[in-house]
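Comments concern the structure below.
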Amino acid sequence: MALLRGGDQPGWGPEGRGSIGCHHAHGILKVPFQIPMQLEKVYEPQQFEPRWAEWWRNSTFFQPSNQPADARPVFSLVIPPPNVTGSLHMGHMLEHSEIDVTTRWHRMKGHNTLWLPGTDHAGIATQMVVERELAKEGITRQSLGREAFEAKVWEYKELHGGTILRQMARIGESVDWSRTRFTLDEGLSRAVRTVFVNLYRKGLIYRGPYMVNWDPKLQTALSDLEVVHEKVDSKLWHFRYPVKDSEEYVVVATTRPETMLGDTAVAINPRDPRYLHLHGKSVLLPLMQREIPIILDEMADPEFGTGCVKITPAHDPNDFEAAMRHNLPLIRVIDEHARISGEGGVYAGLDRYEARERVLADLEAQGLLERAEPYELSVGKSQRTGVVVEPMVSTQWFVRTRTLADKSIEAVEQGRTVFVPDNWTKIYYDWMRNIRDWCISRQLWWGHRIPAWHCHDCHGITVAMEDPTRCEHCGSVNIAQDTDVLDTWFSSALWPFSTLGWPEETEDLKKFYPNTLLITGFDILFFWVARMMMMGIECMGDVPFRTVYIHGLVRDAERQKMSKTKGNTVDPLEIIDQYGTDACRLTLLLGAAPGTDIVLTDERLASSRAFANKIWNAARFLFLNMERAGVEPWMPEERAFYVPHVDPATGEAPLEDRWIFSRLNHYAGVLNKAIDSYRYHEVAQQLWAFFWGDFCDWYVELKKLRFQENSGLDHHWKNILTVFECSLRLLHPVMPFITEELWQRLRREGDGRAESICLTRYPEADPSVQDARAEAEIETLQNLIGAVRNLRADLGQDPKKKIEAVIYARGTAARVAQSQLEALNRLATIDATVHEGSAPALKGAVKSSPDFDILLQVPAAELEAQRQRVLKDQAQLEKVIANSQRQLSNEAVVSKMPAHVVDNLRAKLQEYEEKHQKNQEALTALAV
RNA sequence: GGGCGGUUAGCUCAGUUGGUUAGAGCGCCUGCCUUACAAGCAGGAUGUCGGGGGUUCAAGUCCCUCACCGCCCA
């Protein structure tokens, strides 16, 4: 395709098919397809979004520079890595839309901007998916063996792992694809190993037998966070334990009868006089016939149950602590499969719930079950499998979190990292202050293998950066690597720096760490954000990010949380097929007020698409009229802000131009501020208000009067194209596709502009562009037109019928009515005669305000509706006038009010009174 | 049990440090296919801002209390 010079571009004749926008830039890329100037009547994003997405994907637009000499301010952010085998859901769509708005904006602000993409290996989730796949063929991972299974998972990852990244590319996310990372990459694995070895050597990672949450289905330990608590109706059973050498028995209460098989003590509170006489004695544990001591411990709450508690150290976290304090033996009566172990006497081999029934029956038979009362308890279930977790003593690896958490708290207290919205700060503190050591080992096969080797001879542990051949303690070669892998979140915790090349001292790391921002969901505040804080501070000596923005949840039309199990999930790609990416983004962002959830409905999506359609049609209108006027594609040279071109005849810019440039300037200010403070709903809403409410509804309507055949590129066209092009740039971060599509049509080879709108400058506000007078005048014009429309609607007049009108106007209104008579007549569908000054006594259809009186020539029969309206307005006015007078007449009150409030109030009162007066006159006029 | 958030128009939600007659989108009603857009245009209706109490000249906004809903933690 040949490049075209400005002068001989096709697309301007009646044939109208050109190739505007094709160009080379530094010989890198050119727009690889034809872009006609004429637009289809209906906005069909499906027709052009994939093309731009592909073009961006193959470009270098989103690659920042890591050169030290590059002095631009840096903006950096890493993606919350989605599960590698997953696909895009609405939660991602929202999160990525917010991130994309922010990164595109920073890029347009001229910042050196990095959005780093990638995926997480998601240990448990991925292993489960693959196991489920294999199960269909009747294969278990055990039958395959570890190596073969790992190979299968990699195979699966290669096959399905790219889905989510491909989807991100399709929807045009402005990520730097050249820096894509995966948590099991070689580089990231190196980082994981380095951190593990360093922390181990510092004593911040240790191994030992402690109480953990055991998932009997997955056969692995879990961290506290991976357990979700659920309230269920159950019972509190009261057992009698006979006191040895006595007729007495103690009554203990429990929610888990089957654990009594592993009881090794009964505790009473040292301050509980009811039981003190039992101290030093022992009880004979029923069913097991084991003698166990009665001990004194604060954990026995005199207020709860009977005040006596049974202690099962191997299967309850609190009992485990008590056992440590009192040196009690641990008896594991429940095994890894949640069945009663060999220590469980006759119950051995039974499932835990079966055992519960049997224990209860047997105790009852022996008269030792005193009673059972209804009780609501909270059971811990595995986040992944939903199976009730078994608290169990097990030898696992842990991160010692106390000092890491303290430093992480301090960092936020010092303001080095800020949470938005602010309420998350407290939640973060609370969690960090009550943090427990983090169980990081998992009995899985998919993940980062723990770099520790156990010696079969001396039982010492060797932890090393390079795989050892000998035990570092005794030199034995009889060593084997630990079979466990690390919790997925361990590698995720390193993501902000491992992705930048750490532990190497890379240019990326120097440039982009700490990240400027993190945008993520509250559901992983503890799993991920908190742990990144700890690891970032520990490994890098600085926080991982300066700001954390926490977004809400996407809900369905019934306000229900979207979940696969509920089956109410919505596939973003299907939504996009139907409404387009831009409309989908806009819908999500319109709902994304900080701290609130987002409700997604078809109505909202349709309304967002309507907005995109509005932009499309505004462009279509401009382009059509450009052809008529003989105007070629044009856009202003790139600046931060613009002042309107003047009419060479008068030396002044037309009123509507001065006004729209002032409005544009205002919105640029509002938008920059809103994006900078993560107020995405406001961004979307303000764009809507400006483009639809100001640009389309008024500016374009006013400009219609100015268009002339073959006018060429006059000041009117320069102004309208400047505003339109700025609008596209303002819209671009939110609606990247439609803005690129339209912008490219205005671009011409050699006009010195960037090759894509995403590389242009985001408009800014400047006080010099503000034009209060123009704004006041247009507002007056809008009031005049509104008054007429309102009046004629009340009079039931045909909107198409031109009505004769007489207008008496004063001050600004007089000036505007005279100078903008043509606009007034056209937009109000009237034929007006304008007089300056106050109106004589009128009769007929009158609408009055302090600034003007309007008389429409209609039959007297039509006036009653209008009379009713004015009467209603009067009642309202009388109320507010009385209110204002009451406040202003009280000197004590007035003296306490700030001066500007008093002035405001006085001005308002005067305005109300004038309106009231004018209404009174109108009522007289209407009473024909 | 501890904590956090919410309750504003029929629906979903905005509402900045207390200060104009409380807003938007959708929906609804009326009239228009006015040649950019019916995915549109013009006009309109609808709110004791969850209940009660308090502070203040002034409260949707601050305080107390109650009710209901949701979430997090143990």
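As the structure is a prediction and not an experimental result, all values here were calculated from the model.
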Every protein N/O lying under 3.5 Å from an N/O of nucleotides 43-45 of chain B:
from: B:G44; atom 1: OP1; to: A:N790; atom 2: ND2; distance (Å): 2.8

Would you mind telling me which residue lines up with the more 5' stretch of RNA chain B, A:L622 or A:D430, judged by nearest nucleotide?
A:D430

Look at A:R679 and B:G15 and indicate whether a side-chain polar atom (N or O) is within less than 4.0 Å of OP1 or OP2.
yes

Nearest of B:A36, B:A39, B:A74 to any side-chain atom of A:H229?
B:A74

Heavy atoms under 4.0 Å, any strand shown: does A:L877 hit a base, just sugar-phosphate, or nothing?
base

Do the side-chain N and O atoms of A:D437 and A:Y210 include a donor-acceptor pair separated by under 3.5 angstrom?
no

Between A:T425 and A:D422: side-chain donor-acceptor atoms closer than 3.5 Å:
yes

Pair assignment for B:U46, Watson-Crick or G-U wobble, requiring both distances under 3.5 Å:
none

Lys/Arg N to Asp/Glu carboxylate O, A:K381 vs A:E230, below 4.0 Å:
yes

On a whole-Å scale, what distance lies between the P atoms belonging to B:G18 and B:U56?
16 Å

Counting only heavy atoms not in A:R402, do more than 12 fall under 6.0 Å of its CZ?
yes

For nucleotides B:A39 and B:G44, find the distance between their C1' atoms and express it as a whole number of Å.
22 Å

For B:A14, give its Watson-Crick or G-U wobble partner with both distances under 3.5 Å, or none.
none

Could you tell me whether A:E298 atom CD has more than 12 heavy atoms of other residues or ligands within 6.0 Å of it?
yes

Nearest whole angstrom, please: distance from the P of B:G40 to the CD of A:E701.
15 Å

With a 3.5 Å cut-off and no angle check, do the side chains of A:Q874 and A:E878 form a donor-acceptor pair?
no

Consider the side chain of A:K41, meaning its heavy atoms from C-beta on, and name the nucleotide among B:U20, B:A38, B:A39 that approaches it most closely.
B:A38

Donor-acceptor side-chain pairing of A:N613 and A:N617 below 3.5 angstrom
yes

Separation of A:L795 atom CG from B:G31 atom P, in whole Å?
16 Å

With C1' as the reference atom in both, quote the distance from B:A58 to B:G54 in angstrom, rounded to an integer.
15 Å

Return the nearest nucleotide to the side chain of A:D697; candidates are B:U20, B:A14, B:C41.
B:C41

Any idea which of B:C72, B:C4, B:C37 is nearest the A:F526 side chain?
B:C72

Where do N or O atoms of nucleotides 33-35 of chain B meet protein N or O atoms at under 3.5 Å, pair by pair?
from: B:C33; atom 1: OP1; to: A:K800; atom 2: NZ; distance (Å): 3.0

If you look at every strand shown and take non-hydrogen atoms under 4.0 Å, does A:F522 touch a base, only sugar-phosphate, or nothing?
nothing

Using a cut-off of 4.0 Å on non-hydrogen atoms, how would the nucleic acid contact of A:Y912 be classed: base, sugar-phosphate, or nothing?
base

Name the nucleic acid region contacted by A:A618, choosing base, sugar-phosphate or nothing; use a 4.0 angstrom heavy-atom cut-off, strictly under.
base

Let's test this: given Watson-Crick or G-U wobble pairing with both distances under 3.5 Å, identify the partner of B:A67.
B:U7

Would you mind pulling out the nucleotide paired to B:C62, Watson-Crick or G-U wobble, both distances under 3.5 Å?
B:G54

A:S848 side-chain N/O to A:N919 backbone N/O, donor-acceptor pair under 3.5 Å:
no

Nearest nucleotide by nearest heavy atom, which residue falls closer to the 5' end of RNA chain B, A:D798 or A:I598?
A:I598

So A:W688 and A:F611, would you call those rings parallel, tilted or perpendicular, with 30° and 60° as cut-offs?
parallel

Partner nucleotide, any strand, of B:G27 [Watson-Crick/G-U, under 3.5 Å]:
none

Gap in Å between the two C1' atoms, one belonging to B:A38 and one to B:U34, rounded:
13 Å

Stepwise, does the side chain to side chain donor-acceptor pair (under 3.5 Å) test hold for A:E913 with A:Q917?
CA-CA 6 Å; A:E913 284 173 333; A:Q917 173 61 29; over 6 Å; no

Touch class at under 4.0 angstrom, heavy-atom based, for A:K915 against every strand present:
base

Round to the nearest Å and state the distance from A:R620 atom CZ to B:G40 atom P.
14 Å

Write down the distance separating the P atoms in B:A59 and B:A42, rounded off to the nearest Å.
37 Å

Would you call A:K802 and A:D831 a salt bridge, taking side-chain N to carboxylate O under 4.0 Å as the test?
no

Of all the choices, B:U21, B:U12, B:A36, which nucleotide is nearest to the side chain of A:V880 once you look at every atom?
B:U21

Integer-rounded Å distance: B:A74 P and A:I435 CD1
11 Å

So which nucleotide does B:U35 pair with, by the Watson-Crick or G-U wobble rule with both distances under 3.5 Å?
none

Salt-bridged, A:K235 to A:E373, with N to O below 4.0 Å?
no

In terms of side-chain heavy atoms of A:K614, which of B:A74, B:A36, B:A39 is nearest?
B:A36

Expressed as a whole number of Å, how far does the P atom of B:G15 sit from that of B:A67?
28 Å

Look at the side chain of A:N434 and the backbone N and O of A:D430, then say whether any donor-acceptor pair between them is shorter than 3.5 Å.
yes

Using atom names, set out every protein N or O paired with an N or O of nucleotides 22-27 of chain B below 3.5 Å, distance rounded to 0.1 Å.
from: B:G25; atom 1: O2'; to: A:S607; atom 2: OG; distance (Å): 3.3

Quickly work out the A:F695 CZ to B:A36 P distance and round it to whole Å.
14 Å

A:Q782 CD to B:A42 C1', in whole Å, measures 14 Å

Distance check needed: B:C41 P versus A:K704 NZ, whole Å only.
10 Å

d(OH, A:Y678; C1', B:A14) in whole Å
21 Å

Does the gap between the ring centers of A:F48 and A:F737 come in under 6.0 Å?
no

Carboxylate-amine/guanidinium proximity below 4.0 Å for A:E656 and A:R706
yes

